[in-house]
Amino acid sequence: MATQRRSFRYRLLCAIFFTPIFVVGIIFLILWLSLRPHHPKFHVKEFTLQGLGQTNGYLNVNVTVRNPSHRVQIYYDSMRGSVYYKDQRVGVVSVFESHYQEPKNTTILHYVYNEPLTLTTQASNNQRTIEIMNDRTQGMVVYSLQFKSVIKYKGSMWDKRSHRMRATCNVGVGPNGVILAKYKDRECHVHMS
């Protein structure tokens, strides 16, 4: 009988001690899940690159950026967009200076670049141009579209510091320089540091 009382008291003491810890842990888990910021999501809607290496180069990009967070705003510092063919930069453009994005909001980034588009280093210019022409005759040239910015989350109690964001989208274009159907609306890879 005495051992049963001790056993009951021990279980009661453990229940009284661990129940509040368990309840507080569940409350913190729910708060963390509802208030944590989510990375922005990038999707390429349109992409046209024509006249690479010519005086009448043309670049048309239409990308959507989605803030999937329910309660957290995203502040973007200036954002720059770059187009690469393999490791060579083809063009760079400033997309915007600074921007607030509300929760559950989609922003459309659209820019047109009507300047001569050239590969950045002269040493590999001819080799890369030959590779682009070979890819074009085979029916597809794959470019890498990158967006870089410094972002801050507003409304999040967990994360107040700035993050460097890089979104990379692989885009395949046909011989006419227009995005192929299988590359449209693809989600881009977002890397935060």
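Within the 3.5 Å criterion, the main-chain N or O of T107 finds no donor-acceptor partner in the side chain of R66. Judged purely by atom type and a 3.5 angstrom limit, E46 has no side-chain atom pairing as donor or acceptor with the backbone of V63. Within the 3.5 Å criterion, the main-chain N or O of I16 finds no donor-acceptor partner in the side chain of T19. Remark: the backbone N or O of E102 is paired with a side-chain donor or acceptor of N67 at under 3.5 angstrom. No side-chain donor-acceptor contact under 3.5 Å links E131 to the backbone of D135.
Taking 4.5 Å as the limit, every side-chain heavy atom of P103 sits out of range of all side-chain heavy atoms of H70. For the pair Q101/V65, a side-chain contact is recorded, criterion being any heavy-atom separation below 4.5 Å from C-beta on. At least one side-chain heavy atom of R166 sits under 4.5 Å from a side-chain heavy atom of T168. Between V142 and V171 there is no side-chain heavy-atom pair separated by less than 4.5 Å. No side-chain heavy atom of N60 sits less than 4.5 Å from a side-chain heavy atom of Y111. You'll find the side chain of R136 reaches within 4.5 Å of the side chain of I132, heavy atoms only. When side chains are defined from C-beta on, N62 counts as touching I108, because their heavy atoms get closer than 4.5 Å. Looking at heavy atoms from C-beta onward, K154 lies out of side-chain contact with Y75 at the 4.5 angstrom threshold.
Taken to the nearest 0.5 Å, the CG atom of L109 stands 6.0 Å off from the CZ atom of F147. With rounding to the nearest 0.5 Å, the separation of CD1 in I30 from CZ in F28 is 12.0 Å. Taken to the nearest 0.5 Å, the CE atom of M165 stands 8.5 Å off from the CD1 atom of I74. To the nearest 0.5 angstrom, S69 atom OG is 10.0 Å from H39 atom NE2.
A ring-centre distance under 6.0 Å is not found for Y143 and Y84.
Checked by atom type, the side-chain pair S82/Q146 shows no donor-acceptor distance below 3.5 Å.
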query = What do the steps show when you test F47 against V83 for side chain to side chain contact (heavy atoms under 4.5 Å, CB included), and what is the final call?
reply = CA-CA 11 Å; F47 182 87; V83 179; 4.1 Å; yes
task = In sequence, state the C-alpha distance, the side-chain angles, and the governing distance for L145 and V61, and then conclude on side chain to side chain contact (heavy atoms under 4.5 Å, CB included).
result = CA-CA 9 Å; L145 181 59; V61 178; 3.7 Å; yes
Residue pair Q73, Y153: steps toward the side-chain hydrogen bond (donor to acceptor under 3.5 Å, both in side chains) verdict = CA-CA 6 Å; Q73 291 180 349; Y153 296 107; over 6 Å; no
Could you pull out all donor-acceptor pairs under 3.5 Å where a side-chain atom in residues 177-190 meets a protein atom, sequence neighbours excluded?
from: D185; atom 1: OD1; to: K45; atom 2: NZ; distance (Å): 2.8
from: R186; atom 1: NE; to: K182; atom 2: O; distance (Å): 3.4

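Using a 4.5 Å cut-off between side-chain heavy atoms of Ile, Leu, Val, Met, Phe, Trp and Tyr, with links allowed through other members, Y100 and Y76 fall into different hydrophobic clusters.
G139 approaches P175 most closely through the heavy-atom pair O-CD, 3.5 Å. Residues S78 and S149 approach most closely at O-OG, 3.4 Å, considering heavy atoms. Closest heavy-atom contact between K152 and S162: CE-OG, 2.9 Å.
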